[in-house]
Each structure stands twice: as structure tokens, then as C-alpha cells.
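A quick write-up on the structure given underneath.
Worth saying up front: this structure is predicted, and the values here are computed from it rather than measured.
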Amino acid sequence: MMLFHEIDKTKPIHFVGIGGTSMSGIAEIVLSMGFLVTGSDANLSTVTDKLEKSGIKIIHGHHAENVEGASLVVYTAAVKQDNPELVHAKELGIKCMERSDFLGEITKLYQETISICGTHGKTTTTSMISLAFLEAGKNPTVQVGAEIRQLNGFNYRVGNSPFFVLESCEYVRSFLKFHPKTVVLLNIEEDHLDYYKDLEDIKSAFRDFVNLVPEEGFIVVNSDDNDCMEVIQEAKGKIVTVGIENQSADFYADNIRTNENGFYEFDVHFNGNTYDIALCVPGYHHIYNALSTIATGISYGIEIEALQKALHEFTGASRRFEFVGECNGARIFDDYAHHPTEIKATI
């Protein structure tokens with residue numbers, strides 16, 4: 001596998017599909033490391049505009065000549081093998097890497113890669129944890145699957161610290177290419193059945209993922225989810241449990257209520273203490289996301305006051321029950337929910 005010191009810094013790393021949700025953030029990270037970066041995309045956008053302002057050469061469309069002189073070509077899984085840039089790169093003998101492989105190499109460069117995984121809630125919890133680490137002054141690098149207002153409307157930021165907060169998807173087992181110090185495991189359910197055979201196959205992937213965590217790392221896990229508790233049985237990292245139903249969890253919530261806006265508030269208990277948490281996003285499921293954020297933050301020495309502030313100021317990620325306007329007296333919301341459990345939660 002590629003090592004960054006092997007890359008010729010006088011030649012650019014070229015990204016095919018640079019405007020994508022994950023690719024854009026990766027390109028900025030690589031740019032911040034001192035590498036030359038170029039990229040192409042079939043569609044220009046505010047994201048590609050931002051990348052161009054950062055100093056990345058953006059090319060509209062995919063053309064064979066775009067890869068000439070590149071040291072490495074990175075491409076998304078959506079790019080087909082007959083893409084003219086990939087074809088020409090291989091003709092020229094330029095090394096090509098799929099996005100998740102390349103991102104896995106990047107995670108090796110951070111001492112504290114915090115990977116958030118699970119069937120539901122990854123984007124929101126990654127966002128919450130990112131804002132908590134920002135509030136605590138830890139200056140993390142962030143990769144998340146939606147635009148966040150507090151990240152200047154983008155889905156990533158480049159920090160200057162050992163912390164990399166990373167949304168980690170189980171589809172095609174791509175998260176097994178990462179090197180996490182800490183894993184946040186939210187829930188496990190049947191999903192991506194175009195790839196996985198059944199729930200047991202899905203659990204085997206999550207089991208392999210949590211087993212990547214070293215002894216000095218943390219596994220923050222939803223103790224109310226039996227499948228989650230099953231897959232951590234052989235894990236080496238320190239187990240930190242969260243729960244609502246299970247009040248023997250290390251971090252548990254009770255006194256759950258809603259305020260006048262319909263947002264949930266609750267008491268969180270840990271280490272013999274009780275603190276009030278007030279959310280500004282609707283949905284009972286966000287209590288679990290917030291608990292995981294608190295458990296992760298406390299495990300890394302973040303003060304509860306910073307966690308309370310970050311959670312209260314988080315108003316949601318794009319396309320997660322996002323209010324977009326009103327028409328004829330009806331309020332219109334945009335939501336990414338596509339799994340039956342997520343659709344039920346949204347409704």
C-alpha cells in the first residue's frame with residue numbers, strides 16, 4: 001500500500017470526481033499536507049469553487065490529458081473503469097487508488113482517528129462530535145457526509161491536531177480500510193443487502209471493524225442494541241457504554257422531556273454525576289447520538305460544559321429533517337431517510 005513519503009511532491013495528486021462529498025474533503029487535507037492537487041468533475045459546484053479558491057486546479061469534465069504529469073490518481077467508486085482519465089493513467093503507469101483505500105492511508109497519519117459507524121445516525125453523530133471537539137479547542141480534521149453550518153456550510157474541515165473525526169460507512173466493508181483509535185458504534189440493523197448476505201454478515205463486518213481498535217483506544221457503544229453488544233465481545237479497546245433503557249450503562253439518560261419547540265432535553269448520568277442536556281434538533285433518536293457524543297468527549301477529557309454548549313448549538317446537518325421553507329401554510333422539510341427505521345423515525 002502507498003506511503004505518502006513515496007509521492008513526488010513536484011507532481012500533483014489528481015482526483016477524479018473531486019466535487020464529491022468525501023473526495024472534496026480528502027483533497028483539502030492532502031493540499032494542507034503540502035502536496036500539489038488537481039481534480040476533475042463532470043459538474044462544477046460551490047464545492048469545486050471553494051477547492052479552486054484554496055489553490056486546487058479544477059477541470060470541468062473527464063479527459064485523458066487531465067492525468068498527464070500526475071504522481072497519483074485517486075478516484076471514487078462511482079467512477080467506471082473505462083473512464084478516460086483512469087484508462088490513460090494506467091497506460092502511463094501512474095498508480096491509481098480508490099477513494100476509501102486512499103482515505104485509509106490518511107487515517108494512518110492521525111494519532112487519534114475517531115470513526116463513527118452504525119446503520120443509522122452516523123452523519124449527525126459525526127457532526128455533533130466534531131462540534132464538541134471544536135468547542136473544546138482541539139482543532140480536529142473532519143470528514144462527514146453532509147453540509148454543516150458550523151463548518152462554514154461544508155462537509156469537512158482541515159485541522160491542525162492529532163484528531164480526525166471521520167464518518168465511517170460499512171458499505172462494501174470500506175471502513176475496514178481505516179485505522180481507528182476510537183470507534184463509536186451507534187446501532188446495527190439490516191441494510192445494504194445488495195452487498196451483505198444477511199444480518200450475520202453485516203455483524204461480521206462491524207465485528208472486524210471494532211477489532212481494529214487498539215488496547216489504548218475506546219469503543220463507545222449503544223448498550224441498548226443487542227447486536228452492538230454482541231460484536232464487541234472480542235474487542236481489545238476500552239468499552240464505554242451508553243443507553244436509555246440500560247441504566248447500568250456508563251452514560252445513561254433519564255428524565256427525558258420536550259421543550260416548547262419539541263426538542264428533547266434529558267439528564268445524563270456518568271461518574272456519579274448528573275447534568276442537563278438540551279438539544280436543538282427534533283427526534284428521540286438524537287438522544288442516543290448525543291449520549292455517544294458525550295461519552296466520546298468525556299473519554300478524551302473534554303469538559304461537560306463544552307459538550308453541553310456544542311450539543312445545544314447543533315441545529316442539524318443538511319437533509320436531516322432540514323426545514324427548507326413554507327408553501328400555502330405547509331412547512332416543507334428535506335430528509336435523507338431511506339431505510340424503513342429511518343423513515344419511521346422521521347415521521
Side-chain angles (χ1 to χ4, degrees), residues 100 104 107 113-129 143-146 165-214 217-253 283-296 299 317 320 335-346:
S100 59
T107 62
T113 293
I114 301 170
S115 286
I116 295 85
C117 69
T119 307
H120 318 295
K122 293 185 292 292
T123 295
T124 296
T125 308
T126 303
S127 303
M128 287 178 169
I129 291 174
Q143 275 263 297
V144 61
V165 182
L166 174 65
E167 180 173 341
S168 305
C169 183
E170 75 276 14
Y171 186 54
V172 300
R173 288 182 163 83
S174 62
F175 62 178
L176 297 182
K177 298 169 182 175
F178 303 161
H179 298 79
K181 177 72 170 292
T182 288
V183 162
V184 179
L185 177 55
L186 300 168
N187 42 63
I188 299 175
E189 199 173 357
E190 290 175 308
D191 197 11
H192 301 305
L193 294 175
D194 56 329
Y195 174 78
Y196 289 105
K197 292 183 293 185
D198 51 28
L199 181 59
E200 289 305 313
D201 194 22
I202 294 168
K203 289 195 292 188
S204 73
F206 281 103
R207 183 178 293 108
D208 290 343
F209 189 52
V210 297
N211 286 348
L212 295 175
V213 176
F218 298 98
I219 299 167
V220 177
V221 59
N222 177 4
S223 64
D224 290 346
D225 188 307
N226 292 331
D227 292 319
C228 286
M229 295 304 291
E230 181 183 328
V231 304
I232 65 167
Q233 293 305 309
E234 300 170 6
K236 300 182 293 293
K238 180 182 177 182
I239 305 298
V240 181
T241 56
V242 304
I244 299 173
E245 298 168 10
N246 174 24
Q247 297 205 341
S248 64
D250 299 316
F251 293 77
Y252 74 89
Y284 188 86
H285 54 288
H286 287 313
I287 300 171
Y288 283 105
N289 299 335
L291 283 172
S292 295
T293 299
I294 295 164
T296 304
S299 296
R320 272 62 179 180
D335 199 278
Y336 182 73
H338 52 282
H339 185 286
T341 298
E342 295 168 358
I343 293 169
K344 181 180 178 181
T346 299

Can you see which heavy atom on [X] is nearest to which on [Y], and at what distance?
{"X": "L186", "Y": "S292", "answer": "CD2-OG, 3.5 Å"}
{"X": "V213", "Y": "K181", "answer": "CG1-O, 3.2 Å"}
{"X": "A253", "Y": "Q247", "answer": "O-NE2, 4.0 Å"}
{"X": "K203", "Y": "V231", "answer": "O-CG1, 3.6 Å"}

Review point. With no hydrogens and no angle check, do the side chains of S174 and S100 hold a donor and an acceptor under 3.5 Å apart?
Key: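 Their side chains do not contain a donor-acceptor pair, so the 3.5 Å distance test is not met.
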
Practice item. Using only heavy-atom distances, determine whether the side chains of D225 and Y288 contain a donor-acceptor pair under 3.5 Å. Key: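 No, no side-chain donor-acceptor pair sits under 3.5 Å.
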
Can you tell me if [X] uses its side chain to pair, donor with acceptor, with the backbone of [Y] under 3.5 Å?
{"X": "N222", "Y": "N187", "result": "no"}
{"X": "T107", "Y": "H179", "result": "yes"}
{"X": "D224", "Y": "E245", "result": "yes"}

Exercise for review: Please step through side-chain hydrogen bond (donor to acceptor under 3.5 Å, both in side chains) for the pair N289 and T124, ending with a clear verdict.
Suggested key: CA-CA 7 Å; N289 299 335; T124 296; 4.7 Å; no

Practice item. Report the residues that fulfil ring-ring contact (aromatic ring centres under 6.0 Å, His included) with Y252, sequence neighbours left out, ordered by chain and then residue number. Key: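 Partners of Y252 by the ring-ring contact (aromatic ring centres under 6.0 Å, His included) criterion, ordered by chain and then number, come out as H269.
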
**Study point:** Qualifying residues under side-chain contact (heavy atoms from CB on, under 4.5 Å), relative to Y195, sequence neighbours excluded
**Key:**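 side-chain contact (heavy atoms from CB on, under 4.5 Å) check on Y195 returns Y171, V172, R173.
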
